[in-house]
Amino acid sequence: MKNSLYSIVLFISFTVFSQQKILEITNIKTGKVKVFIENQRIKIRTLDKKKRIGNLKFSDSLSFTLNNHKVTIDSLLSIKNQPKILGTAKTVLVFSGVAILGASVIAASGGSDSAFLIFAIGTGTILTSGIIEGLNSNYTKRKWTYKIVEK
């Protein structure tokens, strides 16, 4: 009984005193703070214009990894939250919109009067995927400062 009680106290102390690294971004003008935690799915752009999407993993106080690519804080151009469901919905809408546009071309070549209506539906579907991409804010280096802190 005594050993199990000590074990419980030991595990509770690990959770109480453990520190978690987070990516904290601060707005330069307003001072507003946003936080990105470990294993959160994000989309970044680096200064060399490379785009990477994946789960955030911290390696040290100046860098993190994203899909086994090490990224330093200094090379970060922009960051945004990228939930899996929105990425999947966007991809499905783009492919279905392209398929509908293809159907409108086939309908137009057959002389159908409904080709323009099909074209308008396909275009609207593709534009909807662009709107979904813009739902999450993009935090750029011009307006935000980045740092990795332990909480």
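Residue numbers count from 1 along this sequence.
- Counting only N and O atoms by type, the side chains of Asp74 and Thr72 include no donor and acceptor under 3.5 Å apart.
- Distance check: Asn81 CG to Ser137 OG gives 10.0 Å after rounding to the nearest 0.5 Å.
- Within a 6.0 Å radius of CG in Asp48, more than 12 heavy atoms belonging to other residues, nucleotides or ligands are found.
- Val94 is not connected to Ile100 by any chain of hydrophobic side-chain contacts under 4.5 Å among Ile, Leu, Val, Met, Phe, Trp and Tyr, and they are in different clusters.
- Follow the hydrophobic side-chain contacts under 4.5 Å out from Ile73 and you reach Ile42 in the same cluster.
- Among all heavy-atom pairs drawn from Ser63 and Lys70, the shortest one is OG-CE, 3.0 Å.
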Donor-acceptor pairs under 3.5 angstrom involving side-chain atoms of residues 119-133: please list them, not counting sequence neighbours.
unit_1, atom_1, unit_2, atom_2, d
Thr123, OG1, Phe119, O, 2.9
Thr125, OG1, Ile121, O, 2.8
Thr128, OG1, Gly124, O, 2.7
Ser129, OG, Ile126, O, 2.6
Glu133, OE1, Lys90, NZ, 2.8
Glu133, OE2, Lys43, NZ, 2.8
Glu133, OE2, Lys80, NZ, 3.3

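- To the nearest 0.5 Å, the span separating CG on Asn27 from NZ on Lys34 amounts to 9.5 Å.
- In this structure the side chain of Lys57 never reaches within 4.5 angstrom of the side chain of Phe64, judged on heavy atoms.
- By the rule that hydrophobic residues join a cluster once side-chain heavy atoms approach within less than 4.5 Å of another member, Ile28 and Ile79 end up as members of separate clusters.
- Phe58 and Val71 end up in the same hydrophobic cluster when Ile, Leu, Val, Met, Phe, Trp and Tyr side chains are linked at under 4.5 Å.
- Ile118 approaches Ala107 most closely through the heavy-atom pair CD1-CB, 4.2 Å.
- Counting only heavy atoms from C-beta outward, the side chains of Gln40 and Glu38 never approach each other to under 4.5 Å.
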Please walk me through it: do Tyr139 and Phe36 pass side chain to side chain contact (heavy atoms under 4.5 Å, CB included)? CA-CA 12 Å; Tyr139 304 109; Phe36 292 95; 3.9 Å; yes

I'd like to know whether Lys151 forms a side chain to side chain contact (heavy atoms under 4.5 Å, CB included) with Glu24, so could you lay out the CA-CA distance, the side-chain angles of the two residues, the decisive distance to 0.1 Å, and finally the verdict. CA-CA 10 Å; Lys151 288 243 175 172; Glu24 186 178 272; 3.9 Å; yes

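- The main-chain N or O of Lys141 is found under 3.5 Å from a side-chain atom of Tyr146 such that the two form a donor-acceptor pair.
- Atoms NZ and CG, on Lys147 and Leu23 in that order, are 11.0 Å from each other to the nearest 0.5 Å.
- When all heavy atoms are compared, the tightest approach of Lys32 to Trp144 is O-CZ3, 3.5 Å.
- In the displayed structure, Asn68 atom CG is contacted under 6.0 Å by at most 12 heavy atoms of other residues, nucleotides or ligands.
- In terms of heavy atoms, Ala115 sits closest to Ser104 at O-CB, 3.6 Å.
- We find the NE2-OG1 distance between His69 and Thr46 to be 10.5 Å, quoted to the nearest 0.5 Å.
- Residues Leu76 and Ile44 meet the side-chain proximity criterion, which asks for heavy atoms closer than 4.5 Å.
- Contact of the Arg41 side chain with the Ile53 side chain is registered, since non-hydrogen atoms from C-beta on lie closer than 4.5 Å.
- One finds the NZ atom of Lys51 at 5.5 Å from the CZ atom of Arg45 (value rounded to the nearest 0.5 Å).
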Pair Ile37-Leu56, side chain to side chain contact (heavy atoms under 4.5 Å, CB included): steps then yes or no: CA-CA 7 Å; Ile37 60 173; Leu56 180 65; over 6 Å; no

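- Under the 4.5 Å side-chain contact rule for hydrophobic residues, Leu66 and Leu77 do not share a cluster.
- Leu135 places a side-chain heavy atom less than 4.5 Å from the side chain of Leu86.
- Taking each heavy atom of Leu62 and Ile148 in turn, the nearest pair found is C-CD1, 4.3 Å.
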